[in-house]
Structure formats: structure tokens, C-alpha cells
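Next up is a structure, given as C-alpha cells.
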Number of protein chains: 2
Amino acid sequence: MPKPVNTSVSRREEPPAASTGPVDKALAVLDALVQPDAPHRLADLAARTGLPKPTVHRLLHTFAEAGYAVPGPGGNYQAGPRLLGLAATALAASSELRLARPVLDDLRLRTGHLAHFSVRDGAVAVHVTQSEPSSTYRMPLTAGGEVPLYCSAVGWAMLSALPSPAAAELLGGEPLPARTSRTVRDPGAVLAALPTVRERGYAVDDEYAEQDVRAIAAPVLGPGDRVAGAVGIVGLTFTLDEESVAVLGPMVRAAAGTVSAALRGGTGPLGIVRGQE
Amino acid sequence: MPKPVNTSVSRREEPPAASTGPVDKALAVLDALVQPDAPHRLADLAARTGLPKPTVHRLLHTFAEAGYAVPGPGGNYQAGPRLLGLAATALAASSELRLARPVLDDLRLRTGHLAHFSVRDGAVAVHVTQSEPSSTYRMPLTAGGEVPLYCSAVGWAMLSALPSPAAAELLGGEPLPARTSRTVRDPGAVLAALPTVRERGYAVDDEYAEQDVRAIAAPVLGPGDRVAGAVGIVGLTFTLDEESVAVLGPMVRAAAGTVSAALRGGTGPLGIVRGQE
DNA sequence: ATCATCGTTCCGGCTCCCGGAACGGACGAA
DNA sequence: TTCGTCCGTTCCGGGAGCCGGAACGATGAT
């Protein structure tokens with residue numbers, strides 16, 4: 001008796017975003033491959049990317065031949081040495097990142113909170129590096145993670161340093177999804193808050209994205225006042241309480257200013273003499 | 001049992017890249033895009049990858065649409081936010097890397113030399129992360145950089161932890177190119193030195209790769225004695241002198257042992273092949 | 001003003017990418 | 001042990017879309 005193929009209506013919305021070109025598919029697989037829950041099985045990668053199984057398999061084979069993925073026993077894959085090398089090179093080559101790191105360490109030491117540096121990708125912020133206190137028993141922030149601009153301190157900070165029309169366009173006209181009961185859902189309200197952020201020099205996220213989590217951030221500006229990213233600290237509300245915001249805010253603002261100044265001043269695109277290769 | 005004995009040896013590619021598929025070309029462009037001398041002009045990327053100009057342009061356009069590259073004024077490109085996020089995610093997801101970092105910091109503090117962690121990609125070692133002393137006036141090692149196994153301390157360390165046949169295959173039969181006057185060019189001589197490395201627990205590179213540079217390294221072993229990488233220190237010969245090798249060597253060996261133990265013990269992503277004998 | 005160089009666009013040819021279907025092995029349940 | 005299920009892998013014919021030489025406009029140096 002032929003079993004009916006399980007074609008039940010998926011309860012989960014299909015996120016697949018059918019990429020048109022092979023390069024987009026390759027990027028999708030790479031993105032899935034570096035996710036923290038390694039090693040990855042072929043079926044999982046196919047499900048996550050929404051690509052057909054043979055397609056993912058072929059891409060993984062290509063990656064493996066180039067050293068960007070390494071196949072394990074039982075047909076599971078993980079990030080390969082060349083991918084790790086690429087990642088290390090990319091992070092080392094980013095001048096803002098290289099300059100931000102020591103500032104983040106200093107900021108973490110002086111505030112006791114997790115300090116991080118994020119950059120903007122469209123309407124979301126990507127956390128690129130961070131300095132964690134040893135006492136973090138639960139990490140409210142993951143490296144490489146993303147958070148919408150409208151509900152994060154780093155997001156508001158970067159929005160505040162953008163021209164108003166650009167900020168308005170990024171926020172859109174529709175009501176924004178609520179993450180907590182305190183999320184500011186009205187784009188107009190977010191826009192109205194930006195002048196205050198500009199005046200103070202730092203933005204505060206009061207449980208906008210997650211319950212019991214507060215954050216403070218300030219924008220980092222590169223040459224020509226271009227927004228390069230944002231520096232911020234994150235903590236639970238009962239350690240990063242309302243009173244401390246008044247003293248921590250200026251510290252965050254100063255840290256961001258330090259990075260901005262370093263970006264403008266010292267090391268231009270080619271300030272250093274590199275060895276060969 | 002078909003064991004994956006895939007030990008691809010050659011991975012060196014020259015400007016006339018023989019990339020057959022579009023995915024390989026995309027990887028080549030990505031690799032060129034993260035190189036330290038940003039921003040990159042289209043013609044440079046085309047020259048570096050050996051690909052035709054329109055092809056590179058099309059790939060960059062695809063990358064830009066996905067946020068993996070960002071076009072600057074005047075038609076130059078640099079790594080985009082998604083690429084930085086991917087890099088951060090990849091490095092954060094690697095358990096060996098996460099475990100190695102604090103050990104490297106400690107090793108650097110106690111030895112005063114640059115400490116680094118490298119993994120193997122075919123017949124070369126890739127430097128994945130490092131902890132630099134502040135006094136480094138010239139960096140003899142770059143993040144994401146590569147060095148052949150046969151002429152580096154980390155290379156010898158990883159070779160020593162491999163089965164002899166595998167090590168022999170990686171070294172090949174031909175005489176190896178000389179990097180300095182002290183480079184060991186005979187594959188047989190390298191193989192003959194490995195038992196000593198195994199016995200002492202660390203390898204020493206006496207100006208094999210570069211003049212006036214000495215290095216010490218020890219292998220890091222994961223579950224099942226699989227080679228996960230190597231921990232090493234690098235310094236100039238007149239600060240990292242011959243007498244200090246005897247005291248620094250065991251420290252490097254101990255550091256590598258710490259990482260190995262942590263890899264085996266604590267935070268295995270999920271113990272899959274625990275029963276495999 | 002003139003030219004070399006670069007980034008960008010165009011377009012016809014035909015490569016080789018695509019993914020449904022099938023196969024064999026691994027694992028768990030009965 | 002046997003059966004059923006699921007997974008990784010391979011195959012293959014059709015046609016989607018990749019390819020790159022050639023051309024065009026912008027830019028900066030001479």
C-alpha cells in the first residue's frame with residue numbers, strides 16, 4: 001500500500017528565499033555552515049537554507065575540495081580551515097574592528113558589563129566583536145548575531161548618526177513588531193527620540209528587544225562623518241539599573257569617541273607597511 | 001569500511017586560476033576581498049583572482065546585494081557587514097578556537113612572545129588566532145596567514161601527531177623549496193625528526209621559514225587523538241634564544257595540553273562518535 | 001585638449017547548473 | 001532477525017543563466 005507522502009501543510013513558515021543564482025545559494029550554505037551547532041548534517045543544512053538536498057550536497061563537495069568545509073564521518077560537515085582563515089583575515093583586516101577591540105576591553109573592565117561593537121546591515125545591526133566579563137552566566141548577545149535597528153541601543157545610536165530621511169526610510173511606515181511590552185512600535189516615535197540621542201550622545205534600550213535586558217550605545221563615525229558602527233554595553237536590568245545609566249552613558253559615549261577619533265586620525269587605508277604576502 | 005582518507009595535498013593556486021565553477025570563482029573573489037589592503041579596486045581583484053573583469057563585477061554585484069560586500073565611491077569594494085558577521089560567527093562557533101583564546105593570552109603573558117593557534121589545510125598551516133604582546137614592532141605572523149607544514153613549528157607539531165604514512169604523503173617525495181639557508185629541504189629528514197618531536201612534546205623551528213625568526217609549537221588533539229591544530233609562540237632569535245627553548249618548550253606543550261584536555265572533556269558540541277573505537 | 005585607464009553595460013552562444021528520482025547503507029523497532 | 005524509515009549519495013536529461021569579448025562613458029593624468 002503506497003504510503004501517502006507527508007505533504008502536510010507546514011506549520012512553520014517556509015523561510016527559504018529562493019536564491020536565483022548559484023552564488024547566492026553558496027552564500028546561504030556557507031552562512032548555515034558557520035552556525036554554532038556544528039557539526040551539521042546534510043538534511044539540516046538543506047532544511048535551513050530551503051535548498052534541495054542534491055544542490056546542497058554539490059555545494060558542500062565544492063567547498064570541501066577548496067578547503068572551506070570538511071566532511072566528517074557519517075556525512076556531516078563543518079567549517080573548514082580555509083573558511084576559518086578567511087574569517088580571521090576578514091576580522092583582522094577591518095580597521096574599525098582592530099581599533100575597537102582594546103577600547104571594548106577597557107570599557108568592559110571599567111563598567112563590568114559586556115561591551116560590543118556592531119555594524120549596520122540594512123535595517124539590522126550585526127554584532128561583530130565583543131568583550132565579555134567572566135561572570136556572564138547567560139550571554140544576552142552572540143557574536144555574529146543580528147538585531148533590528150528599531151529595538152536596540154546600537155540601532156538607535158546608528159540611526160541617530162544618519163540623515164533623518166535615511167533613518168525614516170530604514171524604519172519604514174508600518175507598525176513594527178513588538179519584542180516585549182516596552183518595544184517602541186511606532187516608527188514616528190523612534191524618529192522623534194533620535195534628537196535626544198544626538199544631544200546626549202548615547203542611546204538607551206530599556207527592554208525594547210528582550211525582557212530584563214538593558215543596553216547603552218553610541219555611534220562610531222568614520223571619515224566624513226560616515227557611520228562606521230556603534231559601541232555598546234549590555235546587561236541585565238537589575239545590575240545595569242536606571243541610576244547607573246547616567247554615569248555609564250558618558251563612558252560609552254567616550255569609548256565610541258575614542259574609536260571614531262582613531263578611525264579618522266591614525267591608520268588610513270594604507271598606513272602600515274606590510275611584509276610580503 | 002570506506003574511511004575518508006581524503007588528504008588532498010596540493011592547494012596552491014596561481015594567478016591563472018583554474019576555477020571551473022561559479023562557486024569557486026565566488027570563493028576566490030571573497031578571499032581577495034578580505035585581504036588587508038582594503039578598499040579594493042575592481043581591476044586589482046580581477047588581477048589577483050585571474051578572472052575576467054566582467055565576471056568579477058557580476059560577482060561583486062551579487063555580493064553587494066546580499067550585504068557581503070559594500071561598494072564605495074569610485075567603484076571600489078570592501079568586505080560588507082554580512083561578511084564580517086559570518087566571520088565573527090565562524091570564529092565564535094569553533095570550539096577549539098574558543099577554548100584556545102584564554103590559553104593563548106596566558107601563554108603570551110608568561111612567555112612574553114606572540115602566541116598563536118593554527119589549523120591544517122592540506123600541506124599548509126593556517127593561523128587562525130593569536131595573542132600579541134604590545135611590544136611587537138614587526139609582526140612576523142598575520143591572522144589568516146599561511147605557512148607550509150614542512151618549514152614551521154606548528155607544521156612539524158601537527159605532522160608529529162599524524163600517522164607516519166599520512167605525514168609522508170603530505171611532505172611528498174620531491175625536495176622542498178628553501179626559505180632560508182637553514183630550511184630542511186629533505187622530506188625524509190623532516191620525517192626522521194618527528195619521533196624526537198613526539199618524545200619531547202614540542203617542535204622547534206630554527207629559522208626554517210624566515211631569517212632571525214624562531215618558533216616553538218605543540219599539537220592540539222581532539223577526541224580520538226584527531227589533530228585539531230597546534231599552539232605555538234614566535235619570536236626573533238635574539239629574544240627567543242636557544243637557552244630559553246628548554247624552558248619555553250614545556251610551557252608551550254602544557255598550553256597545548258590544556259586546550260586538548262578542554263576539547264575532549266567539557267564542551268563537546270554533542271558526543272556523536274563516542275562509541276567509535 | 002588628448003589619451004590611457006577604469007568601471008560598467010550589453011548580448012548571443014552554449015556550458016554546466018539544476019533537482020526529481022533512484023540506490024544502498026545505517027539505524028531503530030518489532 | 002526482519003522490516004521499515006530516513007539519510008547521504010549518485011545519476012542524468014533539459015534548459016536556465018553564466019560567460020567574457022567588445023563597446024561606452026567617466027575620470028584623472030599629462
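The analysis underlying the following values was restricted to heavy atoms, covering all of them including side chains, and did not include hydrogens, waters or symmetry mates. Chain identifiers are assigned alphabetically (A, B, ...) following the order of the sequence lines, protein sequences preceding nucleic acid strands; residue numbering begins at 1 within each chain.
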query = Could you give the NZ-to-P distance, from B/K53 to D/dC19, as a whole number of Å?
reply =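 The distance from NZ of B/K53 to P of D/dC19 comes to 17 Å, rounded to the nearest Å.
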query = Looking only at side-chain N and O atoms, does B/K25 come under 4.0 Å of OP1 or OP2 in D/dG20?
reply =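 For B/K25, the contact criterion (side-chain N or O under 4.0 Å from OP1 or OP2 of D/dG20) is met.
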query = Nearest to the side chain of A/P54, which nucleotide is it out of C/dT9, D/dC7, D/dC11?
reply =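 Of C/dT9, D/dC7, D/dC11, D/dC11 is nearest to the side chain of A/P54.
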inquiry  = A side-chain contact here means heavy atoms from C-beta on lying under 4.5 Å apart; do A/D225 and A/R264 qualify?
reply    =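 Heavy-atom side-chain distance check passes, below 4.5 Å.
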inquiry  = Measure CG/B/L59 against P/D/dC18 and give the value in whole Å, please.
reply    =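 About 9 Å, once rounded to whole Å.
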query = Once you round it to whole Å, what is the distance between P of D/dG8 and NE2 of A/H40?
reply =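 Rounded to the whole Å, the gap is 13 Å.
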key: Atom-pair distance (CZ on B/R58; P on D/dG20), nearest Å   =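 One finds 8 Å between P of D/dG20 and CZ of B/R58, rounded.
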A/L42 CG - C/dA26 P separation (whole Å) =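 One finds 17 Å between P of C/dA26 and CG of A/L42, rounded.
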ask   = Could you state the CG-C1' distance from B/L51 to D/dG20, rounded to the nearest angstrom?
value =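 Computing the B/L51:CG to D/dG20:C1' distance gives 11 Å.
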query = Can you tell me if the side-chain N/O atoms of B/Y77 get under 4.0 Å from OP1 or OP2 in C/dT8?
reply =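 Yes, such a contact exists.
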task = Starting at atom CG of A/L60, determine the distance to atom C1' of D/dG8, rounded to an integer number of angstrom.
result =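 After rounding, the gap between these two atoms is 11 Å.
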query = Quick one: A/R41 CZ to C/dA26 P, roughly how many Å, whole number?
reply =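 Taking atom P of C/dA26 as the reference, CZ of A/R41 is at 15 Å.
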A/M158 vs A/L149, side chain to side chain contact (heavy atoms under 4.5 Å, CB included): CA-CA, chis, key distance, verdict = CA-CA 8 Å; A/M158 291 192 273; A/L149 294 181; 4.1 Å; yes
message = Taking 4.0 Å as the cut-off, does a side-chain nitrogen or oxygen of A/T55 come that near to OP1 or OP2 on C/dG19?
response =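 For C/dG19, OP1 or OP2 has a side-chain N or O of A/T55 closer than 4.0 Å.
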message = For a quick check under 3.5 Å, do B/T55 and B/H57 share a side-chain donor-acceptor pair by atom type?
response =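 No pair is found: no donor N or O on one side chain lies under 3.5 Å from an acceptor on the other.
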query = Within the structure, does a side-chain N or O atom of B/H57 lie under 4.0 Å from either OP1 or OP2 of C/dT8?
reply =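 Looking at the OP1 and OP2 atoms of C/dT8, one of them is under 4.0 Å from a side-chain N or O of B/H57.
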key: Heavy-atom side-chain contact between A/N76 and A/L42 under 4.5 Å   =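 Side-chain contact under 4.5 Å: no.
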